[in-house]
Amino acid sequence: MQRLLLGLVTLVVVSIIIFTAVNLLPGDFAQAILGQGATEEAIAGIREQLGLNQSPVTRYFQWLSGVLQGDLGVPLSQAMMQSFSGASTGGNVITVAEQIGPRLSNTLFLAGVSAAIAVPLSITLGVLTALYRNTAFDKAMNISTLSAISSPEFFLAYILILFLAVLNPIFPSLSNIFPGMEFSERLNKTMLPALTLTLAVTAQMMRMTRAALINLLAAPYIEMARLKGLSPMRVIVKHALPNAMAPIITVVALNLAYLVTGVVVVEVVFVYPGIGQLFVDSVKTRDIPVVQACCLIFAAVYILLNLTADILSILSNPRLRHPK
Amino acid sequence: MSTVFGAINAALDAVVTAIFSGLGLLVPAVYAAQPFWIRALIALAAIGVAGWMFRKIGQVLSKNRPYFRDMTFGVAYGFAFAVWALGATAHLFFIVENPFFRWAIQLLIVFAIAAFLFRLLGRGVGTTGSRKLFRGMPLTAAFGILIILIYAFVAIFAAAIAPYGQEQVLANANIVPGGNPATGGDPAYPLGTDQIGRDILSRLIFGAQNTVGIAFVTTCLAFFLGGSLGFLAATLGGWLDQLLSRIVDALMAIPALIFALLLMTIATAYAQGERTQVTLYMILIIAVIDSTRVFRLSRAVGQSIVVMDYIEAARLRGEGLGYLVFREMLPNAYAPLLAEFGLRFCFVFLTIASLSFLGVGIQPPFADWGTMVRDLSQFINFAAFAPNVAVTPLLAAGAIALLTVAVNFVVDWMLHRSSGLKE
């Protein structure tokens with residue numbers, strides 16, 4: 001309960017930080033965006049549109065209450081179009097929420113596919129490297145995972161494109177996803193970005209699983225299980241793994257949080273229509289309402305997953321579940 | 001020299017071709033007609049059968065020696081898998097002759113030999129201390145140190161090494177790498193030129209100076225900021241500690257790359273198109289974001305040192321805060337902070353490369369690897385018929401990856417040494 005409250009407080013603080021950061025823009029950002037040559041009417045129009053003529057505190061609470069009701073505002077590009085074309089015609093305005101909605105579900109789909117591959121893979125590999133520790137297999141895995149962690153995502157992405165899309169056309173290198181697509185085709189087009197993300201996060205999870213298991217191997221009950229004559233596989237899977245669950249769950253949740261932010265670069269490489277690509281495009285065009293909204297969503301998911309990690313690690317440990 | 005290599009290559013080629021053409025007869029045509037994932041499943045099952053047979057044959061031939069008798073199926077599978085992996089490597093190298101794969105393997109062999117020679121050199125030359133250091137060093141760490149030294153050398157003497165200027169637009173654009181006129185290359189530009197006629201080799205070399213230099217400066221700044229505040233919080237405690245820790249908690253709740261992108265939006269608005277200024281703001285922004293992580297670590301390390309008896313003694317002697325931090329705490333926090341410096345450097349370096357790749361990082365007057373990857377990325381689609389052209393974006397991206405891998409290898413070894421973990 002205390003942790004939930006703490007998470008909520010963090011979220012509020014983060015929203016304040018994001019809001020303040022955006023309002024640090026020189027002068028008034030209607031002018032900053034339109035540039036020096038803008039007419040007074042255009043600037044006034046945008047100010048009106050965005051409610052810039054109120055105090056920052058009022059605007060913050062307006063923004064916050066809007067966000068809570070699912071209203072993220074109007075993108076600057078739309079606001080500009082309106083102010084240039086005269087009065088607000090309503091009707092054909094695309095709000096930020098409408099722009100983000102389908103993209104967010106695309107991004108979550110991508111993150112979900114990557115997690116569905118990465119989590120079982122990394123735990124299996126972690127168990128195997130713990131089982132066959134200090135063998136050639138373990139060392140080869142150590143070197144290759146260390147290399148995968150330290151390579152930039154776009155390098156991994158281009159290597160995968162090179163081998164799996166250009167030289168051996170197994171998967172398409174562009175993920176042009178649109179609504180109403182068949183699931184299998186969508187999966188096929190998501191495969192390369194998902195594999196890139198898998199490569200990026202598997203290493204970390206695998207290394208933590210291995211470390212957590214090896215830490216436990218010196219415990220007396222493992223010794224006991226070995227002396228009873230159990231097979232090494234059974235000792236690890238039945239006796240060590242349940243006790244190593246807390247650190248493993250934490251690292252899995254942290255890496256899922258990383259997945260959600262790591263999508264930015266990967267989505268740009270594969271032109272995947274997700275929220276990360278929208279974010280980067282808005283950063284380049286300085287579309288502040290969209291940047292603000294995307295940033296808030298990323299931060300919220302990140303905080304939520306961190307919170308989940310905390311709660312799950314408590315739930316998985318009986319000693320923490322029933323404090324004395 | 002090259003004739004010797006040629007002879008070895010030809011001999012290996014003949015042997016491998018013979019083996020694989022023999023094996024090719026064993027594979028039924030039905031298998032080749034299946035889709036990719038069915039073939040992968042069949043291959044995995046076949047490896048399993050091979051592993052089982054290997055163990056069985058071993059048991060029979062060695063008359064049930066304990067090694068084969070007690071071998072688990074996993075180990076047997078591992079042996080069969082290793083044989084398959086070697087075979088697949090040889091197949092790709094000699095039969096398919098995939099140029100990218102060949103280059104990667106050749107590069108790997110060259111690096112392994114270079115690292116081995118470097119370690120040998122380190123063991124023979126130098127003071128007793130450095131020799132001792134090299135004796136217990138794994139090959140990966142020697143490789144890492146060698147790569148870091150090479151990068152440092154290239155970065156420092158970039159202006160002297162590079163044949164052309166980083167922004168010099170030459171008369172010939174789109175020259176193919178390789179320097180062979182028959183395939184559209186030019187010996188004057190060994191790695192070719194890009195779309196608007198800038199020499200790629202020179203840009204790669206200057207990229208070492210800009211990208212690595214900027215990342216290094218940023219990391220130092222982050223360490224100065226985070227480290228000093230962290231130690232201060234640990235020694236003074238009280239409300240300052242609380243305040244700084246809460247601020248850092250709040251800043252760390254926003255994912256680093258997202259926060260950096262948000263702040264870069266504002267910074268570009270401030271800079272009003274001044275490109276050098278954007279780069280300067282980027283250094284500051286990333287330094288501040290990363291100093292929160294440094295703060296966490298240095299505070300934790302500092303707190304475990306502050307309760308030591310020798311700090312108590314120094315306090316009772318009446319030493320000042322500066323003496324406490326620099327003469328008593330810093331020397332004892334040296335090992336974890338150095339390892340953190342390596343990891344932080346990798347992280348900063350990757351963040352800068354990602355920002356530049358996304359187009360909001362280091363700006364055009366400077367050549368930089370992230371921007372180069374983005375500019376050249378289209379060439380990768382020519383891989384099937386012009387491998388020389390497709391390799392250019394990978395060169396810049398590979399240069400980034402190589403350095404971070406090298407630093408990580410060294411840090412991994414340092415952590416292993418200082419923790420004394422033997423398992």
Side-chain angles (χ1 to χ4, degrees), chain A residues 10-11 13-14 17-18 21-22 24-26 29 32-33 128 131-137 143 146-147 149-155 158-159 161-163 166-167 170 173 214 217 231-233 257-258 260-262 264-265 268-269 279-280 282-284 286 288 291 294-295 298-299 302-303 306, chain B residues 36 72 74-75 78 81-82 98 100-101 138 140 246 249-251 253-259 261-266 268-270 272 346 349-350 353-354 357-360 370 373-374 377 380-384 387 390 393-394 397-398 400-409 412 421 423:
Chain A
T10 319
L11 201 54
V13 171
V14 164
I17 293 177
I18 292 172
V22 166
L24 279 179
L25 276 174
F29 67 79
I33 276 102
L128 285 180
L131 195 58
Y132 300 114
R133 60 195 171 280
N134 298 334
T135 59
F137 168 70
I143 290 179
L146 210 53
S147 313
I149 295 182
S150 37
S151 305
E153 276 134 6
F154 51 83
F155 182 59
Y158 283 125
I159 294 275
I161 289 185
L162 180 64
F163 282 106
V166 179
L167 293 179
I170 298 172
S173 69
I214 285 178
L217 289 182
S231 74
M233 190 68 172
Y258 175 78
V260 173
T261 62
V264 174
V265 173
V268 170
V269 172
F279 184 52
V280 172
S282 324
V283 164
K284 280 189 197 153
R286 276 185 252 149
I288 303 291
V291 170
C294 290
C295 210
F298 277 127
Y302 193 71
I303 293 170
N306 275 318
Chain B
F36 173 71
T72 57
V75 174
F81 190 81
N98 179 329
F100 298 99
F101 195 76
T140 47
R246 290 296 84 76
D249 280 350
L251 289 181
I254 308 176
L257 187 63
I258 306 293
F259 200 26
L261 276 168
L262 173 75
L263 293 181
M264 281 310 290
T265 324
I266 297 156
T268 40
Y270 256 105
Q272 300 285 353
C346 284
F349 186 58
L350 288 181
S354 301
F357 175 75
L358 296 175
V360 289
V373 177
R374 184 181 47 140
S377 64
I380 204 145
N381 294 321
F382 301 140
L394 293 179
I400 298 169
L402 192 60
L403 180 60
T404 43
V405 170
V407 173
N408 259 321
F409 278 160
D412 201 45
L421 276 176
E423 177 96 49

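In what follows, chains are A, B, ... by sequence order, proteins preceding strands, each numbered from 1. Note: hydrogens, waters and symmetry copies are ignored here, and every other heavy atom, side chains too, is used.
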Next item on the list: Heavy-atom distances under 4.5 Å only: say whether F279(A) touches chain B with side chain, backbone, both or neither.
Entry: side chain
Checklist line | Which portion of V75(B) sits near chain A, non-hydrogen atoms under 4.5 angstrom | finding: both
Check: For chain A, which of A397(B), P393(B), A406(B) has the most heavy-atom pairs under 4.5 Å?
Finding: A397(B)
Next item on the list: Sort L263(B) into side chain, backbone, both or neither according to what part of it lies under 4.5 angstrom from a heavy atom of chain A.
Entry: side chain
Next item on the list: Compare all side-chain heavy atoms of D249(B) with those of V13(A) and state whether any distance is below 4.5 angstrom.
Entry: no
Check: Quick one: what part of F349(B) sits under 4.5 Å from any heavy atom of chain A, side chain, backbone, both or neither?
Finding: neither
Checklist line | Identified side-chain contact (heavy atoms from CB on, under 4.5 Å) partner of V283(A) from the options L262(B), L358(B), L261(B) | finding: L261(B)
Note to self: Let's test your reading of the structure: which of L257(B), V360(B), I254(B) forms the most heavy-atom pairs below 4.5 Å with chain A?
What the structure shows: I254(B)
Check: Hey, which of F154(A), F298(A), F137(A) has the most heavy atom pairs under 4.5 Å with chain B?
Finding: F154(A)
Notebook entry, point to check: Which pair of non-hydrogen atoms, one from T10(A) and one from A253(B), has the smallest distance, and what is that distance?
Noted result: CG2-CB, 3.5 Å
Check: With a cut-off of 6.0 Å (strictly less than), are more than 12 heavy atoms of other residues, nucleotides or ligands near OH of Y132(A)?
Finding: yes
Item checked: Atom group of I258(B) that falls short of 4.5 Å from chain A, counting heavy atoms -> both
Check: Which pair of non-hydrogen atoms, one from S147(A) and one from F409(B), has the smallest distance, and what is that distance?
Finding: OG-CZ, 4.2 Å
Check: How far apart are the closest heavy atoms of P152(A) and I400(B), and which atoms are they?
Finding: CG-CG2, 3.6 Å
Checklist line | Contacting region of T140(B) [heavy-atom separation from chain A under 4.5 Å] | finding: side chain
Next item on the list: Return the minimal non-hydrogen interatomic distance between N408(B) and L146(A), and the atom names on each side.
Entry: O-CD2, 4.1 Å
Checklist line | Region of L394(B) in contact with chain A, defined by heavy-atom distances below 4.5 Å | finding: both
Item checked: For the student: nearest non-hydrogen atoms of V268(A) and F357(B), plus distance -> CG1-CE2, 4.4 Å
Check: How far apart are the closest heavy atoms of S151(A) and A401(B), and which atoms are they?
Finding: OG-CB, 3.9 Å
